[in-house]
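All values derive from a computational prediction rather than experimental measurement. The chain is numbered in sequence order, starting from 1.
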Amino acid sequence: MLSQFTRRIGTSAVRVAMQTTAARTFVSNPVSSKLWSLGALNHVAIAVPDIDKATTFYRDVMGGNCSEKVPLPEHGVYTVFVHLGNTKIELLYPLGEKSPIEGFLKKKPEGGIHHICIEVDDVKAAIVDLKTKGIRSLDPEPKIGAHGKPVVFLHPKDCGGVLVELEQR
């Protein structure tokens with residue numbers, strides 16, 4: 001039956017239908033335990049070589065609502081948040097020579113996406129649970145992030161090449 005179906009609509013359509021079905025199945029199955037759960041996408045962080053120029057672009061060209069530039073010495077960055085209604089863009093610029101953003105910009109001088117931040121209802125429970133699943137956090141304990149809430153970063157090698165920040169709701 002599948003071979004007749006494939007001949008009528010083509011193998012590309014079958015692949016798309018199978019991927020769509022798989023995506024729906026994935027979305028409907030809870031991934032995390034009952035100890036903690038994922039929430040909304042809080043922000044996408046972009047490392048920028050010139051934070052004032054980037055702020056001007058998002059505020060004056062794109063019409064975004066931008067926060068003031070705030071130094072976060074404990075994280076080695078300056079931040080500006082561009083509020084988008086349902087989420088934010090975080091502009092990151094190095095603060096000090098030991099900034100993780102300095103290293104990022106040395107590898108990618110034009111800047112680019114640095115990490116994504118997803119809210120969780122219990123960041124400590126998430127760290128414990130993810131560790132049992134082989135997902136490493138960059139720090140053993142959460143730190144206070146740019147929003148004044150506990151955050152932890154997950155190792156990109158364990159997260160499909162993406163640096164993931166979890167932030168307590």
Trace of the side chain to side chain contact (heavy atoms under 4.5 Å, CB included) decision for Lys69 with Thr55 = CA-CA 9 Å; Lys69 179 170 60 175; Thr55 302; over 6 Å; no
Intermediate values then yes/no, side chain to side chain contact (heavy atoms under 4.5 Å, CB included), Leu154 and Leu138 | CA-CA 6 Å; Leu154 305 178; Leu138 298 183; over 6 Å; no
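Between His114 and Glu90, the closest side-chain pair of non-hydrogen atoms is not below 4.5 Å. Residues Asp129 and Trp36 form a side-chain contact, since some pair of their non-hydrogen atoms from C-beta on lies under 4.5 Å apart. Residues Glu119 and Lys149 are not in side-chain contact: their nearest non-hydrogen atoms beyond the backbone lie 4.5 Å or more apart. Within the 4.5 Å cutoff, side-chain heavy atoms of Val44 are placed close to those of Ile113. Taking 4.5 Å as the limit, every side-chain heavy atom of Val151 sits out of range of all side-chain heavy atoms of Cys117. The closest side-chain heavy-atom distance from Val82 to Asn65 is not below 4.5 Å.
Asp158 and Gly134 make their closest contact through OD2-O, 3.6 Å (heavy atoms, listed as atom of the first residue, atom of the second, distance). Pairing each heavy atom of Val48 with each of Pro94, the nearest pair is O-CD, 4.4 Å. Taking each heavy atom of Lys108 and Gly112 in turn, the nearest pair found is NZ-CA, 4.3 Å. When all heavy atoms are compared, the tightest approach of Tyr58 to Ile46 is OH-CD1, 3.6 Å. Summarising the geometry of Pro71 relative to Leu95, their closest heavy-atom pair is CB-CD2, 4.0 Å, with the distance given to 0.1 Å. Of all the heavy atoms in Pro140 and Ile127, the pair that sits closest is O-CG2, 4.2 Å.
The environment of Glu68 atom CD is sparse: at most 12 non-hydrogen atoms of other residues, nucleotides or ligands sit within 6.0 angstrom.
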All N/O donor-acceptor pairs, side-chain side in residues 162-169, below 3.5 Å, sequence neighbours left out:
{"unit_1": "Glu165", "atom_1": "OE1", "unit_2": "His43", "atom_2": "NE2", "d": "3.2"}
{"unit_1": "Glu165", "atom_1": "OE1", "unit_2": "His115", "atom_2": "NE2", "d": "3.0"}
{"unit_1": "Glu167", "atom_1": "OE1", "unit_2": "His147", "atom_2": "ND1", "d": "2.9"}
{"unit_1": "Glu167", "atom_1": "OE2", "unit_2": "Asn42", "atom_2": "ND2", "d": "3.1"}
{"unit_1": "Gln168", "atom_1": "OE1", "unit_2": "Val123", "atom_2": "N", "d": "2.8"}
{"unit_1": "Gln168", "atom_1": "NE2", "unit_2": "Asp121", "atom_2": "O", "d": "2.6"}
{"unit_1": "Arg169", "atom_1": "NH2", "unit_2": "Ser37", "atom_2": "O", "d": "3.4"}
{"unit_1": "Arg169", "atom_1": "NH2", "unit_2": "Leu38", "atom_2": "O", "d": "3.4"}

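Residues Ile51 and Leu105 are members of separate hydrophobic clusters, defined by side-chain heavy-atom contacts under 4.5 angstrom among Ile, Leu, Val, Met, Phe, Trp and Tyr. Note: the hydrophobic cluster containing Val120 also contains Leu35 (ILVMFWY, side chain heavy atoms under 4.5 Å, direct or indirect links). In this structure, Leu72 is not a member of the same hydrophobic cluster as Phe153, with clusters built from ILVMFWY side-chain heavy atoms closer than 4.5 Å. Connection of Val80 to Phe57 is established within a shared hydrophobic cluster, with ILVMFWY side chains joined at heavy-atom distances below 4.5 Å, either directly or through further cluster members. Hydrophobic clustering (side-chain heavy atoms under 4.5 Å, transitive across Ile, Leu, Val, Met, Phe, Trp, Tyr) groups Phe104 together with Leu92.
Within the model, atoms NZ of Lys88 and OG1 of Thr79 stand 11.5 Å from one another, a figure rounded to the nearest 0.5 Å.
Put simply, the side chain of Ser67 gets close to the backbone of Phe81: a donor and an acceptor are under 3.5 Å apart. The closest donor-acceptor contact from the side chain of Asp50 to the backbone of Lys53 lies under 3.5 Å. Judged purely by atom type and a 3.5 angstrom limit, Ser137 has no side-chain atom pairing as donor or acceptor with the backbone of Val152.
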